[in-house]
Amino acid sequence: MKHEDVRTAALPSGEQVPVLGQGTWFMGEDRRQFQKEANALRLGLDLGMTLIDTAEMYANGGAEEVVAEAIDGRRDEVFLVSKVLPSNASHRGTLLACERSLKRLKCETIDLYLLHWRGGHPLAQTIAAFEDLIRAGKIRYWGVSNFDTDDLEELEAIDGGNAVATNQVLYNLTRRGLEYGLLPWCQSRNIPVMAYSPIEQGRMLAHPALIRVARECGTTPAVVALAFVISHDGVIAIPKSSAPQHIRENRSAVDLQLTPGQLAILDEAFPAPRRKRPLEML
Ligand code: NDP
């Protein structure tokens with residue numbers, strides 16, 4: 001796998017993955033955008049953003065089809081993440097969902113397979129299915145998404161639960177609650193946190209503090225927002241973009257080091273939590 005020069009974070013196994021990847025939510029919804037979206041992901045790969053996050057939920061499998069097109073002929077470069085819906089996450093349901101995803105992705109293995117959020121099926125069943133999938137070579141690692149600290153503690157207590165390789169959660173400057181409790185919990189166990197909606201789907205980009213820091217750095221608010229998220233140990237961000245200009249911009253966040261003064265401006269505008277808050281999700 002080549003990562004160009006994108007900094008990496010370690011999975012619990014020691015395997016390195018880039019701290020900046022690519023999301024795919026809302027891709028695959030409109031067939032007319034299919035090639036544009038696949039080209040966007042390919043540009044991201046060229047720039048070293050070789051971790052791609054998708055899910056069976058996105059466009060009812062349509063996003064996985066866009067990913068298949070994007071990684072055609074270059075599967076070896078990619079660290080591929082997909083997710084099973086909680087409603088499918090019984091033992092048998094997980095195995096079947098994974099088969100369907102692999103078919104849409106046109107590949108033999110998903111690198112990291114996540115439970116999208118906690119649902120009604122017992123976690124032990126989902127873990128047992130993940131273990132079967134690893135033994136069968138269909139996935140390489142498994143993880144969870146939208147798990148708060150108490151969910152992770154429950155998971156850790158289940159047989160095999162401590163093999164969790166990632167927790168993918170909502171994290172950006174306007175959603176810093178996890179910095180108290182959840183993030184340190186994961187860091188202490190070397191479980192990477194994958195930050196989704198790292199620019200709050202664009203809603204935060206007009207904030208004056210972000211604009212001020214961006215001007216100081218000669219960059220854009222999105223780049224500052226991404227640089228903030230990945231400045232934390234063990235955090236991987238997965239912004240989604242179908243726009244070549246945005247993808248190039250986002251890539252530059254890896255090389256932006258915010259100064260203590262700039263971090264102080266951001267802290268004042270987006271205060272860090274001082275007590276445990278429930279994990280937010282979109
Ligand atoms: P993001 O915070 O990544 O924002 C995406 C939006 O921002 C798009 O509209 C995109 O438009 C725009 N954008 C991207 N880059 C820039 C830029 N440099 N300047 C201005 N606008 C920009 O939100 P997402 O919710 O998509 O989160 C990222 C990924 O995380 C998802 O795609 C998905 O893979 C994952 N996710 C996981 C969830 C979970 O429950 N596990 C929940 C939500 C997301 P454009 O395409 O035009 O650039």
Pair Arg7-Ile230, side-chain contact (heavy atoms from CB on, under 4.5 Å): steps then yes or no: CA-CA 10 Å; Arg7 193 153 45 79; Ile230 59 174; 3.9 Å; yes
CA sep, side-chain torsions, deciding dist, call: Tyr196, Gln168, side-chain contact (heavy atoms from CB on, under 4.5 Å): CA-CA 7 Å; Tyr196 74 67; Gln168 184 180 114; 4.0 Å; yes
Candidate pair Val66 and Tyr58, rule side-chain contact (heavy atoms from CB on, under 4.5 Å), full reasoning: CA-CA 11 Å; Val66 175; Tyr58 303 159; over 6 Å; no
side-chain contact (heavy atoms from CB on, under 4.5 Å) between Ile134 and Ile139, intermediate numbers included: CA-CA 5 Å; Ile134 289 176; Ile139 67 172; 3.5 Å; yes
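Under the 3.5 Å distance criterion, with hydrogens and angles disregarded, no donor-acceptor pair is assigned to the side chains of Thr50 and Glu77. Arg175 and Asn172 share no donor-acceptor pair across their side chains, judged by distance under 3.5 Å alone. A donor-acceptor contact closer than 3.5 angstrom is absent between the side chains of Gln33 and Ser242.
In terms of the ring-ring contact (aromatic ring centres under 6.0 Å, His included) criterion, His121 has no residue partners (sequence neighbours excluded).
Side-chain heavy atoms closer than 4.5 Å link hydrophobic residues (I, L, V, M, F, W, Y) into clusters, and following such links, even through other members, never connects Leu105 to Leu96. Under the 4.5 Å side-chain heavy-atom criterion for ILVMFWY residues, a single connected hydrophobic cluster contains both Met281 and Leu114. Cluster annotation: Leu205 and Val213 are assigned to the same hydrophobic cluster (Ile/Leu/Val/Met/Phe/Trp/Tyr, side-chain heavy-atom contacts under 4.5 Å, transitive). Residues Tyr180 and Leu263 do not share a hydrophobic cluster, clusters being chains of Ile/Leu/Val/Met/Phe/Trp/Tyr side chains in contact below 4.5 Å.
A distance-only check finds no donor-acceptor pair linking the side chain of Tyr171 to the backbone of Leu178 [under 3.5 Å]. Side chain of Gln187 to main chain of Gly234: no donor-acceptor pair is present (N/O by atom type, distance under 3.5 Å, no hydrogens or angles). Asp72 places no side-chain N or O within donor-acceptor distance of the main-chain N or O of Ala68, the cut-off being under 3.5 Å. Ser231 contributes a side-chain N or O that, together with a main-chain N or O of Phe228, makes up a donor-acceptor pair within less than 3.5 Å. Under a 3.5 Å cut-off, the side chain of Tyr141 and the backbone N or O of Leu11 do not form any donor-acceptor pair.
By the neighbour-count criterion of 12 heavy atoms within 6.0 Å, atom CZ of Arg215 is sparsely surrounded, having that number or fewer from other residues, nucleotides or ligands. For CZ of Arg275, the number of neighbouring non-hydrogen atoms (other residues, nucleotides, ligands) closer than 6.0 Å is 12 at most. Under a cut-off of 6.0 angstrom, the local environment of CZ in Phe270 is crowded, with over 12 non-hydrogen atoms contributed by other residues, nucleotides or ligands. For Asn60, the CG atom counts as loosely surrounded, since its 6.0 Å shell holds 12 or fewer non-hydrogen atoms of other residues, nucleotides or ligands. Heavy atoms from other residues, nucleotides or ligands lying under 6.0 Å from CZ of Arg277 number more than 12.
Side-chain contact check for Val67 versus Val78: every heavy-atom pair is 4.5 Å or farther apart. In this structure the side chain of Thr94 never reaches within 4.5 angstrom of the side chain of Leu115, judged on heavy atoms. His207 has its side chain out of reach of Thr174: every pair of non-hydrogen atoms, C-beta onward, lies at least 4.5 Å apart. Inter-residue side-chain proximity for Pro18 and Ile236 is flagged as unmet; no heavy-atom pair is nearer than 4.5 Å. At a threshold of 4.5 Å between non-hydrogen side-chain atoms, the residues Pro86 and His116 count as touching. Looking at Val224 and Leu266, their side chains come closer than 4.5 Å, going by heavy atoms from C-beta outward. Looking only at side-chain heavy atoms (C-beta outward), Arg248 and Leu43 come within less than 4.5 Å of each other. Within the 4.5 Å cutoff, no side-chain heavy atoms of Asp151 are placed close to those of Val144.
Here Lys276 pairs with Asp148 in a salt bridge; the nearest charged N to carboxylate O distance falls below 4.0 Å. Between Asp111 and Arg75 there is a salt bridge, since a side-chain N of the basic residue sits under 4.0 Å from a carboxylate O of the acidic one. A salt bridge between Asp53 and Lys83 is present, with a side-chain N of the basic residue lying under 4.0 Å from a carboxylate O of the acidic one. Ion pairing of Glu99 with Lys138 is present here, as a side-chain N (NZ or NE/NH1/NH2) and a carboxylate O approach within less than 4.0 Å. Salt-bridge annotation for Arg176 and Asp267: present, with a side-chain N of the basic residue lying under 4.0 Å from a carboxylate O of the acidic one. Between Asp46 and Arg251 there is no salt bridge, since no side-chain N of the basic residue sits under 4.0 Å from a carboxylate O of the acidic one.
Scanning all heavy atoms of the two residues, the minimum distance from Ile211 to Ala206 falls at CD1-O, 3.5 Å. Residues Gly48 and Val6 come closest through the heavy atom pair O-CG2, 3.5 Å. Here the closest heavy-atom approach between residue Glu131 and residue Gly160 is recorded as OE2-CA, 3.6 Å. Nearest approach of Val229 to Pro198, heavy atoms of both residues: CG2-O, 4.3 Å. Across every non-hydrogen atom of Pro273 and Gly177, the tightest pair is CG-O, 3.6 Å. When all heavy atoms of Leu112 and Gly143 are compared, the pair lying nearest together is CD1-N, 3.9 Å.
Distance check, rounded to the nearest 0.5 Å: OG of Ser252 to CD1 of Ile247 gives 12.5 Å. The CD atom of Gln262 lies 11.5 Å from the CG atom of Leu210; values are rounded to the nearest 0.5 Å. Distance check, rounded to the nearest 0.5 Å: CE of Met27 to NZ of Lys36 gives 9.0 Å. Taking CG of Leu256 as the reference point, atom OG1 of Thr219 lies at 6.5 Å (rounded to 0.5 Å). For the atom pair Gln125 CD and Phe130 CZ, the distance stands at 12.0 Å (nearest 0.5 Å). The CG atom of Leu170 lies 8.0 Å from the CG atom of Asn146; values are rounded to the nearest 0.5 Å.
Within the structure, no pair that satisfies the salt bridge (Lys or Arg N to Asp or Glu O under 4.0 Å) test touches residues 224-235, not counting sequence neighbours.
Screening Arg104, Lys103, Arg31, Arg100 for a salt bridge (Lys or Arg N to Asp or Glu O under 4.0 Å) with Glu65, the sole residue that qualifies is Arg31.
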